[in-house]
Amino acid sequence: MAQIFPKKANALPALAAVAGVLFVAFAIFFFWYWGSPKFTDVGYRPIQPVQYSHKLHAGDMGMDCRYCHYQVEYARPANVPTTKVCMNCHTLVSVDKPNLLLVQESWGNQTSLEWTRIHKVPEYAYFDHSAHMRASIGCVTCHGNVRGMEVVQQEEPLSMGWCLECHRDPAPNLRPPSELTNMMWIPPAGHGEWSQQRMEELNLNPPEVCSGCHR
């Protein structure tokens, strides 16, 4: 009796098995990367109502982050600067620039500018800026080198896994209090030993349990 299928058909089950494994692996990678904040959130750079340059203010002029974000050391959220903060300088500086028209209108009408927040963890996650500042975590760790950005964008995924990496080993991200807002600071030799001493001084024990961030 003649064979219905050729001999090479015997390889089909093995090929199907390999194809199945590759498909599952690709599906896992697809959702792990393209469905993660590394792909969906990193690089987020919305259009703001005013063309504000962090490179000019924080970089070229050397303004400290805390001048505008003045609540970051004392409150849970890092405040978005009010119009009053802008006008502390711009009642005298660059008053004729077209970019400042909306700021001046906001000041005159006593209305708020509608800035779009860029760095934001989900509502179901608890995050306290002041706690991280007290723990000696610098701005650049989460926000990247903002002083070099003409337009600010999200540099890190701010995902649960990303946060846990730091909670499990915060030492590399610690820095002296005087350098918290210095985006160009480079850890000197012996930083690892200093970080361990700092953790002991502050009794740092970042939570890794669910209730630490989901309250």
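We use all heavy atoms of the structure for the numbers below, so side chains are in, but hydrogens, waters and symmetry mates are not. Source: prediction; values computed, not measured.
In this structure, Leu15 places its CG atom where more than 12 heavy-atom neighbours from other residues, nucleotides or ligands lie under 6.0 Å away. Residue Gln110 places its CD atom among more than 12 non-hydrogen atoms of other residues, nucleotides or ligands, all under 6.0 Å distant. Enclosure of atom NZ in Lys120 by more than 12 non-hydrogen atoms of other residues, nucleotides or ligands within 6.0 angstrom is indicated. Within a 6.0 Å sphere centred on CG of Leu22, other residues, nucleotides and ligands contribute more than 12 heavy atoms. Sparse packing is recorded around CD of Gln51, with 12 or fewer heavy atoms of other residues, nucleotides or ligands lying under 6.0 Å away. Within 6.0 Å of atom OH in Tyr67, more than 12 heavy atoms from other residues, nucleotides or ligands are found, so the atom counts as buried in its surroundings. For Glu193, the CD atom sits in a loose shell: 12 or fewer heavy atoms of surrounding residues, nucleotides or ligands are nearer than 6.0 Å. The environment of Met160 atom CE is sparse: at most 12 non-hydrogen atoms of other residues, nucleotides or ligands sit within 6.0 angstrom.
Aromatic ring pairs are classed by plane angle as parallel below 30°, tilted from 30° to 60° and perpendicular above 60°; the pair His57 and Tyr52 is parallel.
Although no hydrogens or angles enter the test, the distance criterion places no donor-acceptor pair under 3.5 Å between the side chain of Ser106 and the main chain of Leu102. Not a single donor-acceptor pair under 3.5 Å links the side chain of Arg76 to the backbone N or O of Asp128. With hydrogens and angles ignored, the 3.5 Å screen pairs no side-chain donor or acceptor of His90 with any backbone N or O of Val95. Without hydrogens or angle criteria, Arg66 side chain to Thr181 main chain gives no donor-acceptor distance under 3.5 Å. Counting only distance, with no hydrogens or angles, the side chain of Ser94 and the backbone of Lys97 share no donor-acceptor pair below 3.5 Å.
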Checklist entry - Between Leu174 and Leu202, is a side-chain contact (heavy atoms from CB on, under 4.5 Å) present by the stated rule, with each step listed? => result CA-CA 11 Å; Leu174 300 184; Leu202 299 177; over 6 Å; no

Checklist entry - Are His143 and Val152 close enough, and set up right, to give a side-chain contact (heavy atoms from CB on, under 4.5 Å), and what steps lead you there? => result CA-CA 9 Å; His143 296 285; Val152 172; over 6 Å; no

Item to check | Trace of the side-chain contact (heavy atoms from CB on, under 4.5 Å) decision for Asn79 with Val72 | outcome: CA-CA 7 Å; Asn79 64 290; Val72 70; 5.7 Å; no

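Separating the CD atom in Glu114 from the CD atom in Gln48 is a distance of 11.0 Å, to the nearest 0.5 Å. Note that NZ of Lys55 and CZ of Arg147 are 9.0 Å apart. Values are rounded to the nearest 0.5 Å. Atom CE of Met63 and atom NE2 of His54 lie 9.5 Å apart (nearest 0.5 Å). The line from CE of Met133 to SG of Cys65 is 8.0 Å long, rounded to the nearest 0.5 Å. One finds the CG atom of Leu101 at 11.0 Å from the CG atom of Asp96 (value rounded to the nearest 0.5 Å). Distance check, rounded to the nearest 0.5 Å: OH of Tyr44 to CZ of Arg117 gives 11.5 Å.
You'll find the side chain of Arg198 reaches within 4.5 Å of the side chain of Pro177, heavy atoms only. Counting heavy atoms from C-beta on, the side chains of Val140 and Glu155 never come closer than 4.5 Å. The side-chain heavy atoms of Cys213 and Phe127, taken from C-beta on, include no pair separated by under 4.5 Å. In this structure, the side chains of Leu100 and Trp107 stay at 4.5 Å or more apart for every pair of heavy atoms. Side-chain contact between Pro187 and Arg175 is absent, with no heavy-atom pair separated by less than 4.5 Å. The side-chain heavy atoms of Ile118 and Gln153, taken from C-beta on, include no pair separated by under 4.5 Å. Put simply, the side chain of Trp162 reaches to within 4.5 Å of the side chain of Cys142, judged on heavy atoms. Within the 4.5 Å cutoff, side-chain heavy atoms of Met199 are placed close to those of Pro170.
Grouping the Ile, Leu, Val, Met, Phe, Trp and Tyr side chains by contacts below 4.5 angstrom, directly or via other members, places Leu56 with Val85. Residues Leu113 and Val80 fall within the same hydrophobic cluster, defined by Ile, Leu, Val, Met, Phe, Trp and Tyr side chains chained together at heavy-atom separations under 4.5 Å. Following chains of ILVMFWY side-chain contacts shorter than 4.5 Å, one cannot reach Trp115 starting from Val146, and the two form parts of different hydrophobic clusters.
Checking His191 against Ser195 by side-chain atom types alone, a donor-acceptor pair falls below 3.5 Å. The closest side-chain donor-acceptor pair between Glu156 and Gln154, if any, does not fall under 3.5 angstrom.
When all heavy atoms of Met183 and Cys139 are compared, the pair lying nearest together is CE-CB, 3.9 Å. Counting all heavy atoms, side chain and backbone alike, Asp41 lies closest to Pro157 at OD2-O, 4.5 Å. Pairing each heavy atom of Pro176 with each of Trp185, the nearest pair is CD-CZ2, 3.5 Å. Nearest heavy-atom pair across Pro81 and His69 is CD-CE1, 3.7 Å. Closest approach of Cys166 and Asn173 over heavy atoms only: SG-ND2, 3.2 Å. Listed here is the closest heavy atom pair of Cys86 and Val103: CB-CG1, 3.9 Å.
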